[in-house]
Amino acid sequence: MAKIIDGKAVSAAVKAQVAEEVAALREKNIVPGLAVIIVGDDPASRVYVNNKKKACEALGIYSEEHALPADTTEQELLALVESLNNRSDISGILCQLPLPKHLDEKKIINAISPLKDVDAFHPSNVGAIMIGDYHFLPCTPAGIMELLKAADVEIEGKRCVVIGRSNIVGKPMAMLMLHANATVTICHSRTKDLPAICREADILIVAIGKAGFVKADMVKPGAVVIDVGMNRPEGGKLCGDVDFASVEPVCSAITPVPGGVGPMTIAMLMKNTLMAAKLQNAIR
Ligand code: GUN
């Protein structure tokens, strides 16, 4: 029987720690604030943004939502980002992705002040992570590192395979595992003989967005399996990239979907918002 890594419990512990620190900052009249921008009406984005706002409220973090119509121009969006950059009551700015096609995501991300970039998507923060000298870590990879720590997974010297090479998850995830002294392989849609590479993994991290893609024959017996997938098949239940039923008997530990990686992403966003407030107020 594999250990089920409980993201709800670990995220609750991270949030409790953040709430404590937020309360201490409030004693000094510093209130961390998060601005969330959402453009258009993507239903999944709406759910994520609502959850982020709820988490802020629960932890004593001020939040405000900027819900813009799908036909918002780049100029309008850049003007909003600029105004949020200049506000002292806003510690963190998050622009929910994906943006409608006519908006250039790179340009918008580049416009967010690196000191308020709680997603850690700005090139200067990405570069800082590469060097290993950073303030913010991207929320999902950072959350996975917390889960591995909570589950007492040894990383040093282990073979780690990351499936997926996105800027949000795959690439930074590989970098964090490298910093933790794993030997890391990144796989993607053009990888040849993916199952054989996956079977070499002591730690398999799956972030490709294909429901039930990883089956038991792709997992080394005793491996630790982290499922980043959040797939919503039409009319069906939320499910991961890993076929949980077949993989669970083979591995030593696994994250469920829901209740695994998902709750961690929000907890780490709260942690980054707190960090942003501290940075902007020169508090260590
Ligand atoms: N869309 C999916 N995941 C994320 C995330 O972590 N941050 C932002 N801003 N948008 C997303």
Side-chain angles (χ1 to χ4, degrees), residues 7 11 14-15 33-56 61 63-68 70 72 77-78 80-81 84-85 90-101 103-123 125-126 129 134 136-147 162 164-173 175-176 205-210 226-232 238 240-241 255 257-258 260-273 275-276:
S11 72
V14 170
K15 287 195 281 190
L34 177 67
V36 181
I37 304 171
I38 176 168
V39 186
D41 46 17
D42 178 66
S45 290
R46 173 40 65 198
V47 172
Y48 298 146
V49 165
N50 287 350
N51 289 341
K52 287 166 186 176
K53 284 192 322 194
K54 267 189 234 160
C56 284
I61 295 175
S63 78
E64 64 183 36
E65 178 183 305
H66 296 266
L68 306 179
T72 299
L77 186 50
L78 288 170
L80 171 62
V81 169
L84 295 168
N85 280 341
I90 294 297
S91 334
I93 303 168
L94 180 144
C95 182
Q96 188 66 30
L97 303 179
L99 288 171
K101 293 265 178 295
L103 296 169
D104 183 348
E105 283 184 359
K106 272 192 205 155
K107 215 165 163 180
I108 308 304
I109 289 168
N110 286 0
I112 295 174
S113 161
L115 289 175
K116 297 191 175 188
D117 171 34
V118 285
D119 267 324
F121 290 169
H122 189 286
N125 285 326
V126 175
I129 292 160
Y134 46 76
F136 303 120
L137 286 175
C139 302
T140 300
I144 291 168
M145 296 309 284
E146 288 287 328
L147 286 178
V162 179
R165 55 173 159 180
S166 72
N167 290 332
I168 295 184
V169 182
K171 283 189 226 169
M173 188 70 242
M175 198 51 59
L176 298 193
I205 302 176
V206 193
I208 41 162
K210 287 188 185 164
I226 304 291
D227 188 349
V228 188
M230 296 262 261
N231 308 292
R232 290 168 206 273
L238 183 73
D241 291 348
T255 59
V257 177
V261 174
M264 293 308 297
T265 299
I266 293 193
M268 303 318 281
L269 173 66
M270 299 297 105
K271 196 169 169 178
N272 280 350
T273 305
M275 172 57 80

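Positions are given from 1, in the same order as the sequence printed here. Each ligand, and each atom within it, is numbered from 1 in the order the structure gives.
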Quiz item: Checking side chain to side chain contact (heavy atoms under 4.5 Å, CB included) for the pair M270/L34: CA distance, chi angles, key distance, verdict?
Solution: CA-CA 9 Å; M270 299 297 105; L34 177 67; 4.3 Å; yes
Practice problem: Answer yes or no: does an N/O atom from P98 fall short of 3.5 Å to an N/O atom of ligand 1? | Solution: no
Quiz item: Taking all atoms of both residues into account, what is the closest heavy-atom pair of N85 and A111, and its distance?
Solution: ND2-O, 2.8 Å
Quiz item: Which residue supplies the protein heavy atom nearest to atom 11 (C) of ligand 1, what is that atom called, and how far is it?
Solution: Q96 NE2, 3.4 Å
Quiz item: Taking only heavy atoms of L94, which atoms of ligand 1 are found under 4.0 Å from at least one of them?
Solution: 9 (N)
Exercise. Please indicate whether any nitrogen or oxygen in F121 is less than 3.5 Å from any nitrogen or oxygen in ligand 1.
Key: no
Quiz item: Within the side chain of K116, is there an N or O that forms a donor-acceptor pair under 3.5 Å with the backbone of I90?
Solution: yes
Quiz item: Does at least one non-hydrogen atom of C95 fall below 4.0 angstrom from an atom of ligand 1?
Solution: yes
Quiz item: Under 3.5 Å, is there a donor-acceptor pair between the S91 and T273 side chains?
Solution: no
Practice problem: List the steps and the verdict of side chain to side chain contact (heavy atoms under 4.5 Å, CB included) for L84 and H66. | Solution: CA-CA 11 Å; L84 295 168; H66 296 266; 3.8 Å; yes
Self-check item: Shortest protein heavy-atom distance from atom 6 (O) of ligand 1, along with the residue and atom involved
Solution: D119 OD1, 3.8 Å
Quiz item: Do you know which two heavy atoms are closest between E105 and L99, and how far apart they sit?
Solution: OE2-N, 2.9 Å
Exercise. May I ask you to identify the nearest protein heavy atom to atom 10 (N) of ligand 1, giving residue, atom name and distance to one decimal place in Å?
Key: L97 N, 3.0 Å
